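Have a look at the structure below, then the notes.
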Amino acid sequence: MIKRLFLLALALFCAGLSGCSDPRSHAQAVYVLIDTSGTYAQEAAKAQVIVNYLLGTLQPGDSLAVARVESRSFSEKDIVAKATFDRRPSQANAQKRAFRDTTDGFLKNVKQSRYTDITGGLLQGAEFLNETGAGTKTIVVFSDMQEEIDKITVRNIPMNLKRIRVVAVNVVKLKTDNIDPRRYFGRLEAWQKRVVAAGASEWRVINDLERLDAIFSRS
Amino acid sequence: MTTTQFWMLWPDSPALSVFVLAVVAMVFLYAARKPMHELLRAVGALIGGPLRLGARWMITTADQMKERNKAVLLAHGRQETGQRIEREFERLGAVVRRDLQGYPTLQRKLLDEITRIEEDYRKCGEVPPPPPDWVEAVTAMANVKTGGSEMVQRILEEIKSSIAKIHDKAINEYRRSYESRHKILEGFMPFWRSVDRNMTEVNKKLGDLQESAKGVDVLMAKYESINAKTDKAEHALTVSAFTQFAIALLVMAVAAGGAFINFKLIALPMSEMVGAGDYLTASLRTSEVAALVIIFVEASMGLFLMEALRITHLFPRIATLNDSMRRRMMWIALVLLVTLAGVEAALALMRDMLIADKQALLQSLATVQQAAATDGWVGRIPTAGQMLLGFILPFALAFIAIPLESLIHSSRTVGGVLLAALVSTLALVLRVLANIARRMSRVLITLYDVVIVLPLVVEHMAKAGMAMRRSPVDADDSAHQAR
């Protein structure tokens, strides 16, 4: 009788221990979109700084993907590199080294695209991030946020960016923005409205890459 | 009329309105004086009564707690002092066995030496042989008158020279005899020294024994005073418990610092074993919990080791185990502790490797390349230090059992005393509040009378007038009765 009671207590204790674990995911997932269209392709080298920063910041168990923004970006083929880092720190470090080599190779030989399909990239990014099941999901858009789509591509569709924050990085001013700054602010405002309407948890613009800490530091 | 003037009977003359209202209020308040007084008294009693009751209950509870604390404290003190006396007697027994076991041998040695000294002394006391019998014949010959005879003269000279020779011989023999006696006396010296040494040793041992006996006497006096349940004994035990509690707390704080360092050493490498991405709570990683578990297991093993060594007595079941089982348990705990210490040393090494790997990665990711760190023997000192710490800290943590036991034992006394003091303070507060409530009701009654002072003055005057009118009538009545 005592033995049975002991076994029952042991089972309850084990069940309690397993029930103790926090079911929420504490992992981060980041999807970096790199604009390769027109003159912005020259800025691509700066994207390596962001990728390196993310590789240094993300922890084992986090996910990272780097994709290019092309004429039509809603495709897995545009993902240059992706990885969910191993839970063991040593393996995660090895994965990060391989990831850096891959993105380095891509950014050194960027091919310019005719159009800029940011919406397609956002849709692809949202899909990737939702698949990871991470607790914190972020899309980093490395672009001037000037979208140009050909006539047959349909992008005026509703997006689903629920619980995803979108950070526009290095949004350089175009020549026309310099003539009329309202175009620049209007462009950013339009994107903000669109992203917030799509259910994004946050919209931010960061032009100084030193301020990335505020976004990716863990609370 | 504004809303603030609604109470005015004559809005144009507020003073008149106030006066009339005051007079009316005074009349009503005077009419309600008795019931209002009773009401205020009742409210005072209503608030003060339960508070006094509560205070009384708390005082009783505090007294009971003090009694219980005293009983527990004295029982604990009795047990502790009893154990100390037992240990002191064991020590005394060991000293007696060690020192007095060789006492018969020592005594025999001393007796032998004394016997030998006595024999030597007797030898020293032997007088030289007496002069030979012919000395009297010579004396008789010396008394013979020569009468100028040459032959007699010559015979006497012959006798004289013979006697001088014999005298010299006797003197020489006498000197030789004294010389040999001096030699015997000289031979005494080592024996005297040995006797002196032995006697000093015996004296020292007896002195030690006396000191130990004095210690036992002190403990026995303490035990007797505890048995007599004196206040002095209770006070001494309480002070001792507070001191023990403070010291144990201090040592535990130091041990907690050691445990924290230990935790920092193994938390990172544990993520290599159980993964870095799992969380038990929002901010508590599974790897950190695993590291904590390892530290607690080490502390537990230390606890069992100390129990098995009979240094601590937290688990009566372990204390009552037979010797062979206890020894087996001690070895198991020691082996597990050594294994865990080895694991920790390995984890400390792994931590260093992981940090180095992370640093290398960050360096390769940095835009500005930093100078590489020196990789000589100096660079390996922190690694060796970490490994050493990882190996030593589990053993240091094992000793946490001793202050833990002190803390647990003394916390009963300290907690009891503090709780009794808290209950006593609460009782005092309740008593003060009850008194304030009662006094407040009296103050309010007086204040009420102050408000209706005019009707009271009128009442007083009316009563005085009635009394004056009644007094002549009363005087007439009394005179009539007297007649």
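Throughout, protein chains are lettered first and strands after them, A, B, ... in sequence-line order, and every chain is numbered starting at 1. All values reported here derive from a predicted model rather than from experimental measurement.
Near-neighbour residues of residues 328-358 of chain B relative to chain A, defined by a heavy atom under 4.5 Å from a heavy atom of that chain, comprise B:Leu354, B:Asp357, B:Lys358.
Within 6.0 Å of CG in A:Asn178 there are 12 or fewer heavy atoms belonging to other residues, nucleotides or ligands. For B:Arg78, the CZ atom sits in a packed shell: over 12 heavy atoms of surrounding residues, nucleotides or ligands are nearer than 6.0 Å. Surrounding CZ of A:Phe106 are more than 12 heavy atoms belonging to other residues, nucleotides or ligands, all under 6.0 Å away.
For chain A, the nearby part of B:Leu362 is the side chain; its heavy atoms alone come within less than 4.5 Å. Residue A:Arg97 touches chain B through both its backbone and its side chain, counting heavy-atom pairs closer than 4.5 Å.
Taking CZ of B:Arg285 as the reference point, atom NE2 of A:His26 lies at 10.0 Å (rounded to 0.5 Å). For the atom pair CZ (A:Arg87) and OG (B:Ser287), the distance works out to 11.0 Å, reported to the nearest 0.5 Å.
A side-chain N or O of B:Ser364 and one of A:Arg100 form a donor-acceptor pair less than 3.5 Å apart.
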(request) Begin with the C-alpha distance, continue with both residues' side-chain angles, and end with the deciding distance and a verdict on side chain to side chain contact (heavy atoms under 4.5 Å, CB included) for A:Ser90 and B:Glu272. (result) CA-CA 7 Å; A:Ser90 58; B:Glu272 195 70 15; 2.2 Å; yes
